[in-house]
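Here's the structure, in structure tokens; my notes come after.
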There are 2 protein chains.
Amino acid sequence: MRYHRADIVDRALAVLDEYGLESLTMRRLASELGVQPSALYHHVPNKQTLLAAIADEILRRGRRPHRATEWDGRVVELCGQLRDAMLAYRDGAEVVATAHTFGLGRDDTADRLRDALHDGGLPPDLVDLATRTFLHLVFGHATEEQTALQAASAGAIDRDPGGPDDFDRSLELVLDGLRARTHP
Amino acid sequence: MRYHRADIVDRALAVLDEYGLESLTMRRLASELGVQPSALYHHVPNKQTLLAAIADEILRRGRRPHRATEWDGRVVELCGQLRDAMLAYRDGAEVVATAHTFGLGRDDTADRLRDALHDGGLPPDLVDLATRTFLHLVFGHATEEQTALQAASAGAIDRDPGGPDDFDRSLELVLDGLRARTHP
DNA sequence: ACCTGAACACCGTTCAAGT
DNA sequence: ACCTGAACACCGTTCAAGT
């Protein structure tokens with residue numbers, strides 16, 4: 001019984017988390033699996049596709065049951081879930097953000113965000129705008145936080161970490177803007 | 001008379017704009033300058049530093065005299081200037097955003113954004129929060145727009161471009177949130 | 001000071017051949 | 001179907017040697 005695609009993605013995620021994105025090479029992954037580099041191309045067409053699959057898996061593992069009932073609570077919950085999922089793996093923010101940038105992986109979170117905003121009674125074009133705005137904030141904040149965390153763990157405490165408080169406050173800022181438009 | 005550091009950065013920017021980031025290798029740049037790859041290391045310690053210098057140069061070339069007098073107008077102006085600078089060169093958004101992520105290059109725009117927000121009468125911690133929020137929006141939107149532009153020019157019209165309208169509307173959303181706090 | 005030439009230690013990907 | 005072995009066309013970076 002040989003490897004399947006899921007085994008490759010699973011092991012790639014382990015290598016990513018332990019050694020970081022720059023060490024996640026096809027050759028390195030192959031040797032980690034005790035196989036020739038060329039063997040990987042039977043399970044995955046190229047590295048880019050593998051990275052997209054890794055991004056999807058990171059998000060899948062970060063899914064939690066939703067609890068909030070109000071639209072704004074759901075937005076905060078969804079953004080927080082996305083943020084936590086990215087931060088749960090080393091270089092996770094960069095991997096997920098890059099996959100999103102190139103339109104790879106299905107943007108599940110975007111749709112669920114859109115639904116929540118729609119339920120908030122926002123007009124369709126504002127729903128689209130707000131969805132993108134929140135996604136940009138989540139990616140930006142997660143990337144910044146992950147960089148700060150790695151800099152800190154490397155001994156160089158360069159910049160203010162920011163932390164989860166800043167994240168929530170940033171979301172609230174946009175939510176205030178939206179609320180100001182729904183009941184002016 | 002041989003090359004100086006500025007010549008290397010200048011030529012690198014030309015290669016970036018014409019062939020894209022993935023083609024901007026030290027070896028390619030060297031051959032473009034008619035020189036051995038090793039010669040570049042007399043002007044720049046490594047590729048990362050070169051990319052940071054390129055990011056700085058992109059921003060420097062995008063600077064315009066400021067015209068707005070009100071704090072919120074200055075925020076929109078500064079964000080627009082940053083966005084336009086990034087979009088003026090192929091893969092410019094990715095280069096500048098990456099340099100910012102790793103804390104390379106001096107974040108001139110961040111300070112000027114902070115000043116504008118301070119003049120708006122916001123409390124110090126909200127100034128910091130809003131500065132980061134706007135930067136995340138600019139990077140996110142510019143990256144998305146640049147990817148869409150390249151996809152469109154490659155023939156594959158994948159996603160809604162968004163455009164400058166969406167950008168301004170996204171900024172206004174956050175500004176509304178800030179205004180709601182300055183005069184509640 | 002600036003550059004050459006050669007090397008080191010890697011990459012992603014392809015493809016004929018094996019089982 | 002899945003993998004090996006070998007190759008192709010590259011990378012970033014270092015360093016002794018030349019001018």
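Chain letters run A, B, ... following the sequence lines, proteins first, then strands; residues in each count from 1. Values reported hereafter were calculated over all heavy atoms of this structure, with side chains retained and with hydrogens, waters and symmetry mates removed. Because the structure is predicted, anything quoted here is derived from the model rather than measured.
One finds no salt bridge joining B:Glu77 and B:Arg64 here, because no Lys/Arg side-chain nitrogen approaches an Asp/Glu carboxylate oxygen to under 4.0 Å. A salt bridge links B:Arg74 with B:Asp119: the closest approach of a Lys/Arg side-chain nitrogen to an acidic carboxylate oxygen falls below 4.0 angstrom. Between B:Arg179 and B:Asp176, at least one side-chain N (NZ, or NE/NH1/NH2) sits under 4.0 Å from a carboxylate O, which counts as a salt bridge. Using a 4.0 Å cut-off between charged side-chain N and carboxylate O, A:Arg60 and A:Glu57 make a salt bridge.
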- prompt: For DNA chain C, what string of dots and brackets results from 5' to 3' when Watson-Crick and G-U pairs need both distances under 3.5 Å, crossing pairs get [ ], and pairs with another strand get |?
  reply: ||.|||||...|||||.||
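Of the residues in residues 15-24 of chain A, not one places a heavy atom less than 4.0 Å from an atom of DNA chain C.
Rounded to whole Å, the separation between the C1' atoms of C:dC3 and D:dC15 comes to 13 Å. Taking atom C1' in both C:dA16 and D:dC2, one finds a spacing of 15 Å when rounded to whole Å.
Atom P of nucleotide D:dC3 and atom CG of A:Leu33 are separated by 9 Å, given to the nearest angstrom. In this structure, B:Leu40 places its CG atom 9 Å from P of C:dC3, rounding to the nearest Å. Computed from coordinates, the A:Arg5 CZ to D:dC2 P distance equals 13 Å when rounded to whole Å. Atom NE2 of A:His43 and atom C1' of D:dC3 are 9 Å apart (whole Å). Whole-Å rounding puts the B:Leu29 CG to D:dC11 P distance at 12 Å.
Below 30°, between 30° and 60°, or above 60°: for A:His141 and B:His136 the angle between ring planes is above 60°, a perpendicular geometry.
Partners of B:Asp10 under the side-chain hydrogen bond (donor to acceptor under 3.5 Å, both in side chains) rule, at least two apart in sequence or in another chain, are B:Arg61.
A:Asp91 places a side-chain N or O within 3.5 Å of a backbone atom of A:Leu21 that can act as its donor or acceptor partner.
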- prompt: Could you go step by step and tell me if A:Gln81 and A:Arg63 meet the side-chain contact (heavy atoms from CB on, under 4.5 Å) rule?
  reply: CA-CA 7 Å; A:Gln81 185 172 327; A:Arg63 287 190 73 146; 3.7 Å; yes
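Picking from C:dC3, D:dT4, C:dG12 the nucleotide with the shortest atom distance to the side chain of A:Gln36 gives D:dT4.
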Sequence neighbours left out, cut at 3.5 Å: what donor-acceptor pairs do the side chains of residues 34-44 of chain B make with other protein atoms?
residue, atom, partner, partner atom, Å
B:His43, NE2, B:Tyr3, O, 2.9

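Atoms CZ and CG, from B:Phe134 and B:Leu82 in turn, are 12.5 Å apart once rounded to the nearest 0.5 Å.
Residue pairs that meet the side-chain hydrogen bond (donor to acceptor under 3.5 Å, both in side chains) test with at least one member in residues 21-31 of chain A, sequence neighbours left out, are A:Arg28-A:Glu32.
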Distances under 3.5 Å only, N/O to N/O: pair up the protein atoms with those of nucleotides 13-17 of chain D.
residue, atom, partner, partner atom, Å
D:dT13, OP2, B:Tyr41, OH, 2.8
D:dT13, OP2, B:Lys47, N, 3.0
D:dT13, O5', B:Tyr41, OH, 3.4

